[in-house]
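Heads up: the structure comes next, in structure tokens.
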Amino acid sequence: MTTQDEIGQRIAEEVATLVRRVAAAIEAGERVEVTREGPRITATLIGEQVAPFIGRHGHVIDAVQHLATRIAAKHAPGGDWVVTVDAGDYRTRRAGILERIADEAADRALRTGEPVALDPMTASERRFVHERLRERGDVDTHSEGDEPERHLVVSRPGA
């Protein structure tokens, strides 16, 4: 019988291998660092040339993130493990940008009374903005459209 620790170790190793292979194929980064905290695994590509791994608007890193999530689902179908793929401090910087975009849209929706449609985002970024504004509590949000143009709309409550 496989323990949770063994499953986490296997996921971490396979995600690290995935990140190393993609990075090597596009000549990005220098090494991969993997950390585990409970059910959270983070694989971070480190080096001066991580931009190709991130890609335009994060498309490459998000694709690798999707594959890493599929690796975790293969070993733990119940979704017990959360895997994050990062490069440099991209995820932290992107979270800061999304927080600013979310707050500016909320402020504008409250000031004007008109719904504010944001640019299309990935599902994980939309979820981040939904949660950020739910915590704020003074605006409503919903998503509209179909991928890849699916976007988030911020409005006054009840509007």
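All residue numbers in this chain count up from 1 along the given sequence.
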Listed by chain and number, what are the salt bridge (charged side-chain N to carboxylate O under 4.0 Å, His left out) partners of Arg134, not counting sequence neighbours? none

Donor-acceptor list for residues 41-60 side chains, cut-off 3.5 Å, not counting sequence neighbours:
unit_1	atom_1	unit_2	atom_2	d
His59	ND1	Arg56	O	3.2

Pairs of donor and acceptor atoms involving the side chains of residues 13-23, under 3.5 Å and at least two apart or interchain, shall be tabulated with distances.
unit_1	atom_1	unit_2	atom_2	d
Glu13	OE2	Gln9	NE2	2.9
Glu14	OE1	Lys74	NZ	3.0
Glu14	OE1	His75	NE2	3.1
Glu14	OE2	His75	NE2	3.0
Thr17	OG1	Glu13	O	3.0

Under the salt bridge (charged side-chain N to carboxylate O under 4.0 Å, His left out) test, which residues partner Glu147, sequence neighbours left out? Arg126

Please lay out, stage by stage, how Phe128 and Met121 fare under the test side-chain contact (heavy atoms from CB on, under 4.5 Å). CA-CA 10 Å; Phe128 180 88; Met121 297 177 182; over 6 Å; no

N/O donor-acceptor pairs under 3.5 Å from side chains in residues 100-120, not counting sequence neighbours:
unit_1	atom_1	unit_2	atom_2	d
Asp103	OD1	Arg136	NH1	3.4
Asp103	OD2	Arg132	NH2	2.7
Asp107	OD1	Arg136	NH1	3.3
Asp107	OD1	Arg136	NH2	2.5
Thr112	OG1	Arg108	O	2.8
Thr112	OG1	Glu114	N	3.1

Of all heavy-atom pairs linking Val83 and Ile11, the shortest is CG2-CG2, 4.0 Å

Residues at least two apart in sequence or cross-chain that pass salt bridge (charged side-chain N to carboxylate O under 4.0 Å, His left out) with Asp5, listed by chain then number, are Arg36

List the residues meeting side-chain hydrogen bond (donor to acceptor under 3.5 Å, both in side chains) with Thr122, not counting sequence neighbours, and say none if there are none. Ser124

With Glu131 via salt bridge (charged side-chain N to carboxylate O under 4.0 Å, His left out) - residues at least two apart: none

So, using side-chain hydrogen bond (donor to acceptor under 3.5 Å, both in side chains) as the criterion, who are the partners of Asp62 when residues are at least two apart? Arg91

Within the structure provided, determine whether Glu6 and Arg10 are in side-chain contact (heavy-atom separation under 4.5 Å). no

Does any pair with a residue in residues 150-159 pass salt bridge (charged side-chain N to carboxylate O under 4.0 Å, His left out), and if so which ones, sequence neighbours excluded? none

Can you list every side chain to side chain donor-acceptor pair (under 3.5 Å) pair that touches residues 76-85, not counting sequence neighbours? none

Will you find, in the side chains of His142 and Glu144, an N or O donor that is under 3.5 Å from an N or O acceptor? yes

Are Val32 and Leu67 linked, directly or through intermediate hydrophobic residues, by side-chain heavy-atom contacts shorter than 4.5 Å (ILVMFWY only)? yes

Residues two or more places apart in sequence or in another chain: which of them pass side-chain hydrogen bond (donor to acceptor under 3.5 Å, both in side chains) with His130? Thr141, Ser143

Can you hop from Val153 to Val129 via hydrophobic side chains spaced under 4.5 Å? no

